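One structure is given here, and the rest of the page talks about it.
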Amino acid sequence: MDERYRPEKIEKKWQALWDVNEPYRAIEDPSREKFYLLEMFPYPSGRIHMGHVRNYSIGDVVARFKRMQGFNVLHPMGWDGFGLPAENAAMDHGTHPAPWTFENIDSMRVQLKRMGLSYDWKRELATCKPDYYRWEQLIFLKLFEKGLAYKKSSPVNWCPSCQTVLANEQVQNDCCWRCSSLVEQKELEQWFFKTTQYAEELLSEIDNLKGWPESVLTMQRNWIGRSKGCEVDFALEGCDESIRIFTTRPDTLFGVSFMSLAPEHPLVNLLTTDDQRSKVDSFVARIQSQDADSRTGDELEKEGVFTGSYCIHPITEERIPVFLANFVLMDYGTGAVMAVPGHDQRDFEFAKKYDLPLKVVIQPEGQSLCPTSMVEAWTGAGTLVNSGSFDGLTNEEAKDSISLDLVARGKGESKINYRLRDWGVSRQRYWGTPIPIIYCDGCGPVSVPEKDLPVILPEDVTFSREGGSPLARVESFVNVACPSCGKPARRETDTFDTFVESSWYFARYTCPDYEDGPLDPAAVSYWLPVDQYIGGVEHAVMHLLYARFFTKALRDLGMLNVDEPFTNLLTQGMVCKETSSCPEHGWLYPEEVVNGRCSRCDHEARTGRTEKMSKSKKNVVDPNLIISTYGADTARLFSLFAAPPEKDLEWNDQAVEGSSRFLSRVWRVVFDNLELILSASAPTSAKGAAKDLRRVTHRTIKKVTEDIDGRFHFNTAIASIMELVNAIYALDNKAGNAPVLREALESVIRLLAPFTPHFSEELWSLLGHEGGMEVAGWPSWDPAALQEDEKLIIVQINGKLRARLTVALDAAQSDVEALAMTDENVFRNLEGKTIRKIIYVPGKLLNLVVG
RNA sequence: GCCCGGAUGGUGGAAUUGGUAGACACAAGGGACUUAAAAUCCCUCGGCCUUUGGCUGUGCGGGUUCGAUUCCCGCUCCGGGCACCA
């Protein structure tokens, strides 16, 4: 045994053994209880970052812990291979996305292996390989057959100069990020998945996701946004048409003073009178040229235009002017809103701006609203007024009564609406899964026959800054015979949103080599659902909702037999660091800042906000540097010790040292006592200091077990192991207490195994054990050893700490009270006062209330 | 703007069910060992005061309670997500 802890030597040795022996291979075995542990897979950027180190260290602790507890653990890893950065690299450096991505995958795999993560590498998959995306294409065709995938027109951000579609992140202040031209909106025919078909189930199943953080469930509920309301028809004056609106507030029906329609509403043309036409046309044109971001963005100024037409109130038969308004969206409800300025803030602002009438129809209790003096809409509860026969009802009662009345008159119906929209999956990009559709002039959109799958992404493409879709320029790809009639036809040149790949990869991991379909029924039914999913909180809504949707859709296609993909979810916080920038060179990497100055031009570096570590802001710390300096075990230990997983972690270089020092400390105490330990027997009975150490050992086993299992508080688990090590150092007569010392040290090694696997394996084998940590198993605690000899009682007077008493285990309240009275400090604080009340928490606290 | 979080010493954090605020570390200061350095070990470490004790203190202002970092109401600032959702 080396006198000093040498991580580089130990880690290399064990990683080589794991490569050969494959101890983390997962094989289906119905006789054993399975545990499927999954971390969100990475985009292969080429280098791991601290967020990965944190995410995968957390996952590996749980995987190794569960394995030591005897579970059959599936712990896979793969690559979210498609995405925009590969195409940007192609344009910036002339490298092709495919080799760029695969080289990145190779170098990231090396980095992950250096961290000693216990993956079953035989199940590795990359979504950008045809053997993965061919099955995604098949799933798409099945969804298309079932009507769960369909096409419709939808706007995109368009850069007229680059001749290309821009992602939201590529639009900066309404301008293209590359050429700064003004971004336009362009309507394109795009593919959608019918997520709304599952809206009700996606919502109701949330109640069964007991293992998810409540905050994520709330965000999902709000995203789906079920609202109960009523659709109402307002007849148009002078023609047979009517406008159908959706409202969640039928109780305010008598307060309607105008109508607001989306500028895209199909009735706009019919409604516009000749004298208003020029105003309406210019308004519609202006609104439609706005990009989606600014139309839905911050503090949109409420604007509108009068169409010149009127409609008729369904009950009072009043004339109501019809406006177009920029804040009304065609996608939600019916694209038309009844405007009630007295009780809706947007309508209030609109009415003030255009000097439209305001009527109060709900009076809150204890207040009297006055239409002329109101400064904002009253959106709360109250009693109906000015509402004909409904006056006097509470507004909640009125919602039902007025709905029923409208239904009876044939002028409305109750309706559930969802905020959730269908998922647009078309992307005008090269580096993605080709959508397996062929367009034929005669037959329309035709599915690529299953036998012709996969539609392989051609590799002989050229990238240029001139833009346009590279795929559309590949004649050999685009031109194809129609599978239906055989005439010349054209392939779809859009590819899928990369969220599609990540919506089902967790299922493919159970059978990555299966060739008879997307999913092997036997493997899927053994492993799914994922027992524990771990990833960044930034995916709380979209990725997780899409994966839930896919699970339900695949179930209904008969490919899966679970309703939900992830039983338990842990959302880790982000790794943050302050940003630095130079007026000349922009964002600076930490190593480019020397003594507070830019290393290139000597300008003073500006320290910016603390933000999530990201390549674009350059506020990143390279984990490779930490691994090569201190070793993977230290890097892992530190990232887990620094903060509990769900919290954001602000990076601090200095603290890493302490984790490294701790491991050296453990190593040294084993080295110093090696002979003693090797010759020691199991502890039988212990007394005095030995008994105390034994109590600490078993208390630590209990604490670490409970902290890891379900609570995921690895920082406190590690802290308590540190306390045990401190107690071992403090044990005086080590030679005379060898059995207890041995038990304590072997517990430390086993408890550390999930955190620092190389370190623990090495020490465990040096202590003469064979078969490694999985054979050793997770230690259990002896309740008898936890037993204290005495207990500590806190004495308070009026809630303030006045004394600490150590009493016998069986001391009664009266004993504690009597002892407290003899305490000098208690006595002094009671002088001249009367005890009014005594509060006693058995075994913990005595509070004397005096006055 | 909407939704979801967060704020505790110089720093990261702990306090699991309303019951000792600051566990465990980092940094800093002091000491031991050493020719010296590294490594290691020991001590101090929220603030204030009249220091075997007292007051005060968990972003700010209120409240409930014998007792609040913890529960309730109202703010401020910071982080994340977003599709103005009628």
Side-chain angles (χ1 to χ4, degrees), chain A residues 4 168 213-223 225 227 229 245-249 252 260 292-293 295-300 302 325-329 331-334 336-340 344-347 379 417-421 536-542 571 573-574 576 609-612 638 641-644 646-659 661-662 664-665 668 703 706-707 711 713 715-723 726 729 792-801 803-804 824-825 828-829 836-839 841 844-851:
Chain A
R4 278 192 54 217
N168 283 338
E214 199 49 51
S215 60
V216 173
L217 298 181
T218 306
M219 281 191 263
Q220 295 229 339
R221 275 191 198 100
N222 292 341
W223 187 265
S227 59
I245 62 101
F246 172 72
T247 182
T248 53
R249 297 293 305 272
T252 63
S260 301
D293 247 19
R295 188 149 166 218
T296 60
D298 294 5
E299 310 218 339
L300 177 78
K302 311 286 176 282
N326 60 344
F327 59 85
V328 179
L329 303 177
D331 306 326
Y332 186 79
T334 58
V337 184
M338 64 177 203
V340 185
D344 181 287
Q345 187 58 24
R346 281 165 309 187
D347 297 341
T379 55
N417 237 305
Y418 299 93
R419 180 178 170 276
L420 181 74
R421 299 202 309 226
V537 65
E538 63 271 26
H539 292 112
V541 176
M542 302 209 339
T571 48
M574 279 148 301
C576 302
R609 299 190 307 159
T610 297
E611 291 179 76
K612 172 180 160 182
F638 171 70
F641 182 58
E646 70 277 6
K647 236 182 126 158
D648 285 351
L649 187 157
E650 198 176 323
W651 186 257
N652 172 5
D653 292 301
Q654 293 169 317
V656 185
E657 195 100 15
S659 296
R661 214 152 38 211
F662 167 68
S664 297
R665 215 167 127 77
R668 204 174 328 115
K703 166 122 182 101
E706 290 171 352
D707 277 355
R711 209 166 93 100
H713 278 214
N715 56 331
T716 52
I718 294 166
S720 69
I721 300 173
M722 287 175 169
E723 286 182 79
N726 290 343
Y729 266 85
L792 179 71
I793 306 284
I794 299 306
V795 182
Q796 297 181 335
I797 295 172
N798 286 347
K800 287 193 170 146
L801 176 71
R804 294 183 174 87
E824 204 181 317
N825 205 31
R828 190 174 47 241
N829 280 283
R836 308 258 177 225
K837 196 171 167 187
I838 295 175
I839 286 140
V841 183
K844 270 191 176 167
L845 174 130
L846 178 73
N847 187 13
L848 305 172
V849 184
V850 302

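Remember, predicted model here, so these are calculated numbers, not experimental data. The sequence lines fix the lettering, A, B, ..., with proteins before strands; numbering per chain opens at 1.
Out of B/A86, B/G13, B/A21, the shortest distance to the side chain of A/Pro644 is found at B/G13. Listed nucleotides B/G19, B/C85, B/G80 differ in distance to A/Arg421; the shortest reach to its side chain belongs to B/C85.
Nucleotides B/A25 and B/A36, compared at atom C1', are 30 Å apart to the nearest Å. Comparing the same atom, C1', in B/U65 and in B/G18 gives a spacing of 9 Å after rounding to whole Å. For the P atoms, the distance from B/C43 to B/G80 is 42 Å, rounded to whole Å. Taking the P atom of each, B/C2 and B/C24 are spaced 44 Å apart, rounded to whole Å.
Among the protein residues, A/Asn715 comes within range of the sugar-phosphate backbone only, with heavy atoms under 4.0 Å from sugar or phosphate atoms but none that close to a base. Using a 4.0 Å heavy-atom cutoff across all strands shown, A/Ala642 reaches sugar-phosphate atoms only and no base atom.
Across all strands shown, B/C66 forms a Watson-Crick or G-U wobble pair, both distances under 3.5 Å, with B/G19.
Within the 4.0 Å cut-off from OP1 or OP2 of B/A86, at least one side-chain nitrogen or oxygen of A/Ser227 is found. Contact annotation: A/Asn417 side-chain N/O to B/A86 OP1/OP2 distance is not under 4.0 Å. Here A/Lys837 reaches the OP1 or OP2 of B/C66: one of its side-chain N or O atoms lies under 4.0 Å away. Residue A/Asn726 places at least one side-chain N or O under 4.0 Å from the OP1 or OP2 atom of B/A25. At the phosphate of B/G54, OP1 or OP2 sits under 4.0 Å from a side-chain N or O atom of A/Asn829. For the pair A/Asn847 and B/U65, the criterion of a side-chain N or O lying under 4.0 Å from OP1 or OP2 is not met. For the pair A/Arg4 and B/A38, the criterion of a side-chain N or O lying under 4.0 Å from OP1 or OP2 is not met. Between A/Arg665 and B/C41 there is a side-chain polar atom (N or O) within less than 4.0 angstrom of OP1 or OP2.
Of the possible polar contacts, one joining the A/Asp347 side chain to the A/Val340 backbone as a donor-acceptor pair under 3.5 Å is found.
Nearer to the 5' terminus of RNA chain B, by closest-nucleotide assignment, is the contact made by A/Ser215 (compared with the other of A/Ser659 and A/Ser215).
Scanning atom types as modelled, one donor and one acceptor separated by under 3.5 angstrom connect the side chain of A/Lys703 and the base of B/U16.
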